[in-house]
Protein chains: 2
Amino acid sequence: MMAKPNLHTVAAHAGVSIATVSKVVNGVRYGISEATLEKVLASVRELGYRPNRSGRGLRTLRRSIIGMAIVDPSPTFLADPFTTNLVAGLSNYLSEQGFGLLLHGIKPRQVEASFLVRESVVDGLCLLLSGSAQFRLQNTRLFSALSHPMVVFQDRAADGIPDTCFVNQDDTGGARELAERALTRKPRTALIVIPDIFWPAIELRLEAFWQTLKAAGVATKIVRCDESDPVAIARAIGDSIERSGMPDVILGANDKIAIVALHLLKERGVQVPEEVAVTGFNAFASNAYAGLDLTTARSPAYEMGELGGKLLLERLESGAFESRERTLPVQLIPGATA
Amino acid sequence: MMAKPNLHTVAAHAGVSIATVSKVVNGVRYGISEATLEKVLASVRELGYRPNRSGRGLRTLRRSIIGMAIVDPSPTFLADPFTTNLVAGLSNYLSEQGFGLLLHGIKPRQVEASFLVRESVVDGLCLLLSGSAQFRLQNTRLFSALSHPMVVFQDRAADGIPDTCFVNQDDTGGARELAERALTRKPRTALIVIPDIFWPAIELRLEAFWQTLKAAGVATKIVRCDESDPVAIARAIGDSIERSGMPDVILGANDKIAIVALHLLKERGVQVPEEVAVTGFNAFASNAYAGLDLTTARSPAYEMGELGGKLLLERLESGAFESRERTLPVQLIPGATA
DNA sequence: CTGAAAGCGCTTACAG
DNA sequence: CTGAAAGCGCTTACAG
């Protein structure tokens with residue numbers, strides 16, 4: 001097997017200098033004669049030359065790589081459809097622009113040891129954090145100290161984090177719309193079911209649910225559960241019903257919770273939405289397979305990923321983010337359950 | 001803002017040579033005095049020095065980056081739980097070893113234009129391809145021409161693809177077990193429902209279903225459908241029932257299909273598994289939320305990702321793959337539907 | 001135990 | 001229109 005061709009190999013083969021080959025390969029077309037262009041292109045093809053990004057990166061101090069750090073305790077950090085769609089949108093946008101996406105799931109305790117933190121590998125950083133507000137802020141600061149331009153997804157814009165844009169979905173607006181839809185059924189009592197782990201999006205949804213229902217004079221209870229376990233979700237809802245009676249409406253903080261609620265109600269022979277209305281949040285395509293027509297809100301996760309990539313590359317180009325924060329609308333999906 | 005510190009900055013600060021700093025940073029501990037070590041470490045900390053991977057990569061001709069190319073027509077190429085789990089396993093393994101994962105979804109027509117193909121960015125390549133056998137082989141050859149060590153997931157080992165290991169799950173074994181389980185219900189007729197897109201795994205499952213049922217003398221029909229659309233799946237199954245009557249067992253090529261079948265049967269008031277047994281394939285956690293107790297098989301996707309990463313790094317170390325092909329077992333998940 | 005020096009592959013400002 | 005040369009940040013074989 002021959003050694004990998006480099007600029008020198010190609011230059012020798014084409015009978016020109018490496019500077020000329022470099023220009024041709026980089027699409028610099030002025031100051032290159034037609035004949036030279038042809039010659040070089042032919043050599044590139046014949047030798048199967050591929051520019052080495054380390055060389056270019058060293059010279060230009062640009063690597064054309066964006067890091068995506070997902071801090072999550074679960075090994076299957078990609079399992080959540082929100083994350084999946086976000087990463088897909090980001091990855092596709094970056095690919096189109098010739099940038100690579102370095103995907104890095106990090107356990108909460110291992111952030112400092114991560115090579116993304118310890119070494120200089122990327123031109124910019126995207127962050128998706130879980131955990132308490134304090135823990136997230138602490139990690140945001142840690143990454144911020146690396147002085148890369150950053151896009152932080154689904155978190156509140158914080159002070160003292162320079163060169164960063166916060167990209168969010170409008171959880172508040174979406175939750176308000178869902179609560180308002182539920183209100184058309186004239187409920188007197190409501191149950192809000194949220195996960196017991198901290199998540200800024202969940203806090204916003206809870207707040208919007210709560211305020212909207214309160215303003216309408218609905219007696220509202222809140223119950224927390226381990227959303228990673230359907231049995232735990234069902235138990236939490238069941239316990240609440242036992243204690244406080246059957247609510248007129250159940251607002252799930254996400255679709256997983258709503259789906260479990262739906263099954264629990266069906267088992268008990270409760271009519272949805274006539275007796276109890278149910279709503280979810282963050283609709284993704286998979287619901288359709290379960291034959292559910294859940295009233296929910298569609299997350300713009302994919303578009304958020306695309307936007308984050310766009311903002312980061314524009315920032316790399318221009319030297320500064322245009323805005324500190326961007327929020328994408330959440331779309332109400334009217335279904336048959338509320 | 002100060003410029004990024006490099007080896008020279010640190011060396012000057014610590015009053016040593018860059019060679020010494022390099023050794024310290026890389027954990028070379030022999031031939032370094034305790035005093036020097038301390039001094040350098042302090043300077044590294046104080047200046048916030050992070051080694052630049054482009055520099056190291058250029059020098060060592062190693063980049064510590066593995067590429068994962070997923071050739072898929074859909075923009076949400078990550079949506080499938082198999083893919084998600086595979087990528088998570090791969091990513092986690094590589095991270096632990098200090099390697100980065102460059103994730104790259106590629107549309108079938110754009111493979112040749114991809115920067116993963118046109119430029120030299122990675123030390124090794126993982127491939128997950130969709131499309132016909134011919135198309136997959138063509139792309140495998142294309143990537144193979146890049147002369148990176150490769151791990152190809154979910155595809156038949158092909159000739160003329162050097163320096164490559166094929167990592168598969170045992171679709172044949174899993175499908176046989178599922179079919180055998182269905183046979184305990186003594187069916188006379190069976191319906192196999194598969195997607196209309198080409199996928200090596202689907203072909204293997206179909207073949208194993210077919211052979212197992214045939215050997216038992218079961219009259220078996222096959223129907224294809226657009227698995228991306230639950231309505232299309234339901235229509236395909238409904239049409240088949242119309243034409244050929246209700247089968248005693250429905251074998252879905254995957255869980256999505258089985259779940260739609262389950263809902264269709266429930267709507268028609270058919271008892272599962274008493275009247276019709278149903279099986280799926282590639283169980284992932286999300287089924288539990290739908291309150292389904294589907295008889296299916298669990299995919300070792302996460303473990304396949306880990307194994308792929310492990311094989312690739314071992315290959316980088318040793319210079320050659322130990323084996324040409326690896327197959328991971330699929331686990332039968334006995335449920336209530338068959 | 002320590003450092004000077006070569007060189008990995010590339011881009012770019014400059015001279016011709 | 002073309003090329004010689006400097007230098008990006010790093011590692012390593014070698015000399016001292």
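Source: prediction; values computed, not measured. Values below: every heavy atom of this structure, side chains too, minus hydrogens, waters and symmetry copies.
We find that CG of A:Leu58 is positioned 16 Å from P of C:dG7, with the value rounded to whole Å. One can place CG of B:Leu7 at 10 Å from P of D:dG9, the figure rounded to the nearest angstrom. As rounded to whole Å, 17 Å separates atom C1' of D:dG9 from atom CZ of A:Arg62. Atom CD in B:Glu34 sits about 11 Å away from atom P in C:dT2, given to the nearest Å. When the C1' atom of C:dG9 is taken as reference, atom CZ of A:Arg63 falls 16 Å away, rounded to whole Å. Atom CD of B:Glu119 and atom C1' of C:dT11 are 14 Å apart (whole Å). When the P atom of C:dT11 is taken as reference, atom CD1 of A:Ile32 falls 13 Å away, rounded to whole Å. Nucleotide C:dT2 holds its P atom 16 Å from the CD1 atom of B:Ile18, rounded to whole Å.
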Practice task
Take A:Asn168 and A:Glu325 through the test side-chain contact (heavy atoms from CB on, under 4.5 Å) and record every step on the way to the result.
Solution key: CA-CA 8 Å; A:Asn168 290 289; A:Glu325 196 167 4; 3.9 Å; yes

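Here D:dG3 is the nucleotide among D:dG3, D:dT2, C:dG9 with the atom lying nearest to any side-chain atom of A:Ser17. In this structure, the nucleotide among C:dT2, C:dT11, D:dC10 sitting nearest to the side chain of B:Asn6 is D:dC10. Of the candidate nucleotides D:dC1, C:dT2, C:dG9, D:dC1 has the atom nearest to the side chain of A:Ser33.
Side chain of B:Arg63 to main chain of B:Ser120: a donor-acceptor pair is present (N/O by atom type, distance under 3.5 Å, no hydrogens or angles). Put simply, the side chain of B:Thr76 never gets that close to the backbone of B:Ala79: no donor and acceptor are under 3.5 Å apart.
Stem analysis of DNA chain C (Watson-Crick or G-U pairs, both distances under 3.5 Å, runs of at least three) returns C:1-3 with D:14-16, C:5-12 with D:5-12, C:14-16 with D:1-3.
Closest-nucleotide positions on DNA chain D for A:Ala19 and B:Val25 were compared, and the one nearer the 5' end corresponds to A:Ala19. Positionally, the nearest nucleotide of DNA chain C for B:Tyr30 lies more toward the 5' end than for the other of A:Thr20 and B:Tyr30. With the nearest nucleotide of DNA chain C identified for both B:Thr36 and A:Ser22, B:Thr36 has the one nearer the 5' end.
From B:Thr140, atom OG1 reaches atom CG of B:Leu129 across 4.5 Å, with rounding to the nearest 0.5 Å. Atoms CG and CZ, on A:Leu116 and B:Arg50 in that order, are 7.5 Å from each other to the nearest 0.5 Å.
Residues from residues 49-57 of chain A with heavy atoms under 4.0 angstrom of DNA chain D: there are none.
The residues A:Glu306 and A:Lys310 are annotated as not salt-bridged, no charged nitrogen and carboxylate oxygen being separated by less than 4.0 angstrom. Ion pairing of A:Asp163 with A:Arg315 is present here, as a side-chain N (NZ or NE/NH1/NH2) and a carboxylate O approach within less than 4.0 Å. Salt-bridge annotation for B:Asp155 and B:Arg136: present, with a side-chain N of the basic residue lying under 4.0 Å from a carboxylate O of the acidic one.
For A:His104 and A:Phe115, the ring centers are positioned less than 6.0 Å apart.
Counted within 6.0 Å of CZ on B:Arg109, heavy atoms from surrounding residues, nucleotides or ligands total 12 or fewer; the atom is thus considered open.
For A:Lys23 against D:dG3, a side-chain-to-base donor-acceptor contact under 3.5 Å is present.
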